[in-house]
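Shown next, in structure tokens, is the structure this report addresses.
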Amino acid sequence: MALTPQDIGRIAHLARLELSPADSERMLSQLNGFFGIVEKMRAVDTAGITPLPHPIAAIQDVALRLREDVASEPDQREANQQSAPAVERGLFLVPKVIE
């Protein structure tokens, strides 16, 4: 997938960027280079390859340090909601802004 100068202009417009012709040309070259790398990576057959949990796992065993999934902070919902203008059943109430 190669980008064209028109694509760069459209992307710049959507990003609200003003690019000089030199910057636009440089951006075109960089993005096409990036997409070229992505295409090379996609061409590699990875069928049957197990994903690594950590990059180092390719060369040595890694024991992941996992912590217990427990709450470490006290429940302060009521104290935090005291300054809210409107609360219902523990939820902040906000005005409707989208019709």
Handout entry: Atom CD of Q60 with >12 non-hydrogen neighbours under 6.0 angstrom
Key = yes
Handout entry: Neighbour count >12 (heavy atoms, 6.0 Å) for atom CD, E18
Key = no
Problem - Closest non-hydrogen atom pair, Q81 against V87 - result: OE1-CG1, 3.3 Å
Exercise for the section: Write down the atom of L19, the atom of A12, and the distance for their closest heavy-atom approach. Expected result: CD1-CB, 3.8 Å
Handout entry: Linked, directly or transitively: F34 and L28 (ILVMFWY side chains, under 4.5 Å)
Key = yes
Problem - Any residue meeting side chain to side chain donor-acceptor pair (under 3.5 Å) with N80, in chain and number order, not counting sequence neighbours - result: none
Practice task
Look at the side-chain heavy atoms of Ile, Leu, Val, Met, Phe, Trp and Tyr, link any pair under 4.5 Å apart, and say whether L3 and L17 land in one connected group.
Solution key: no
Practice task
Please check if L93 and I98 belong to a single hydrophobic cluster, counting links between Ile, Leu, Val, Met, Phe, Trp and Tyr side chain heavy atoms closer than 4.5 Å.
Solution key: no
Problem - Contact summary for A2 and D7, nearest pair of heavy atoms - result: O-OD2, 4.4 Å
Practice task
Just jot down the side-chain contact (heavy atoms from CB on, under 4.5 Å) partners of R42, sequence neighbours excluded, or say none.
Solution key: V38, E39
Fill in the blank from the handout: Nearest heavy-atom approach of R77 to R89 is NH1-O, 4.4 Å
Practice task
Is it possible for you to say whether I59 and V62 belong to one hydrophobic cluster, with membership spreading through side-chain heavy-atom contacts below 4.5 Å?
Solution key: yes
Practice task
Flag the pair D23 and R26 as a salt bridge only when some basic side-chain nitrogen lies within less than 4.0 angstrom of an acidic carboxylate oxygen.
Solution key: yes
